[in-house]
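Computed over heavy atoms, backbone and side chain alike; hydrogens, waters and symmetry mates excluded. Counting starts at 1 for both ligands and their atoms, following the listed order.
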Amino acid sequence: MAKEFYSQQRINKRETMADKKHILVINGPNLNLLGTRERQLYGATTLAEIETSLRAKALSAHCNLFFMQSNAEHEIINTIHDAAGHYDFILINPAAFTHTSVAIRDALLGVAIPFIEVHLSNIHAREPFRRHSYVSDCAVGVICGFGAQSYELALTAALEHIK
Ligand code: DQA
């Protein structure tokens, strides 16, 4: 009886794990400098602080969140490839690669995982070269201009989307 109970518990646990939603948060180049980098544009919140608050929000939604940052385009592309079959949704701030990378666009299209494009600053109110994004037209949505809160808003939208 006890044995049956425990094996049933294990099955339930496995089901719960499988039922959990998985969200991948990708941050592009120079975002590791948040907190000190051009604070008038990007604010004083560090990337570690953004990660902590997203983790708390994901946890309370019983959702698994993986957070990464890279300055290398190929690492971002490999992370997107590896996400196939493992993640339900991607939040991505491609940073400067937003305006240059056909390869990141192709990777996102290649894995067909729904994603939200996130920016701290309002890229449409800045230099003309920042107004074009290679990923916006493939995204579920774009959130920009709210500083660190852009990530929170994006996570709220993602959780709603994958419900
Ligand atoms: C950014 C905007 C990009 O234009 C810039 O290159 C960044 C940060 C943002 O979050 O506002 O690095 O993606």
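Using a 4.5 Å heavy-atom threshold, the side chains of Val140 and Phe89 count as touching.
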Please tabulate, one pair per line, all N/O donor-acceptor pairs under 3.5 Å involving side-chain atoms of residues 142-151, not counting sequence neighbours.
unit_1: Ser150; atom_1: OG; unit_2: His119; atom_2: O; d: 2.8
unit_1: Ser150; atom_1: OG; unit_2: Phe146; atom_2: N; d: 3.1
unit_1: Ser150; atom_1: OG; unit_2: Gly147; atom_2: O; d: 3.3
unit_1: Tyr151; atom_1: OH; unit_2: Asn27; atom_2: OD1; d: 2.6
unit_1: Tyr151; atom_1: OH; unit_2: Asn93; atom_2: ND2; d: 3.2

For residues 127-136, which side-chain N or O atoms pair as donor and acceptor with protein atoms under 3.5 Å away, sequence neighbours left out?
unit_1: Glu127; atom_1: OE1; unit_2: Arg130; atom_2: NE; d: 2.7
unit_1: Glu127; atom_1: OE2; unit_2: Arg130; atom_2: NH2; d: 3.4
unit_1: Arg131; atom_1: NE; unit_2: His124; atom_2: O; d: 3.3
unit_1: Arg131; atom_1: NH2; unit_2: Arg126; atom_2: O; d: 3.3
unit_1: Ser133; atom_1: OG; unit_2: Glu117; atom_2: OE1; d: 3.2
unit_1: Ser133; atom_1: OG; unit_2: Glu117; atom_2: OE2; d: 3.1
unit_1: Ser133; atom_1: OG; unit_2: Val135; atom_2: N; d: 3.0
unit_1: Ser133; atom_1: OG; unit_2: Ser136; atom_2: N; d: 3.1
unit_1: Ser133; atom_1: OG; unit_2: Ser136; atom_2: OG; d: 3.1
unit_1: Ser136; atom_1: OG; unit_2: Glu117; atom_2: OE1; d: 2.6

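There is no side-chain donor-acceptor pair under 3.5 Å between Glu73 and Asn71.
Applying the salt bridge (charged side-chain N to carboxylate O under 4.0 Å, His left out) test to residues at least two apart or on different chains, none of the pairs has a partner in residues 78-97.
Listed here is the closest heavy atom pair of Ala157 and Ile116: CB-CD1, 3.7 Å.
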Below 3.5 Å only, please: the N or O atoms of ligand 1 paired with protein N or O atoms, distance on each line.
unit_1: ligand 1; atom_1: 4 (O); unit_2: His99; atom_2: NE2; d: 2.7
unit_1: ligand 1; atom_1: 4 (O); unit_2: Arg130; atom_2: NH1; d: 2.9
unit_1: ligand 1; atom_1: 6 (O); unit_2: Ala96; atom_2: N; d: 3.2
unit_1: ligand 1; atom_1: 6 (O); unit_2: Arg130; atom_2: NH1; d: 3.0
unit_1: ligand 1; atom_1: 10 (O); unit_2: Asn93; atom_2: ND2; d: 2.9
unit_1: ligand 1; atom_1: 10 (O); unit_2: Leu120; atom_2: N; d: 2.8
unit_1: ligand 1; atom_1: 11 (O); unit_2: Leu120; atom_2: N; d: 3.3
unit_1: ligand 1; atom_1: 11 (O); unit_2: Ser121; atom_2: N; d: 2.8
unit_1: ligand 1; atom_1: 11 (O); unit_2: Ser121; atom_2: OG; d: 2.6
unit_1: ligand 1; atom_1: 12 (O); unit_2: Arg37; atom_2: NH1; d: 3.2
unit_1: ligand 1; atom_1: 12 (O); unit_2: Arg37; atom_2: NH2; d: 2.9
unit_1: ligand 1; atom_1: 13 (O); unit_2: Asn93; atom_2: OD1; d: 2.8
unit_1: ligand 1; atom_1: 13 (O); unit_2: His119; atom_2: ND1; d: 2.8

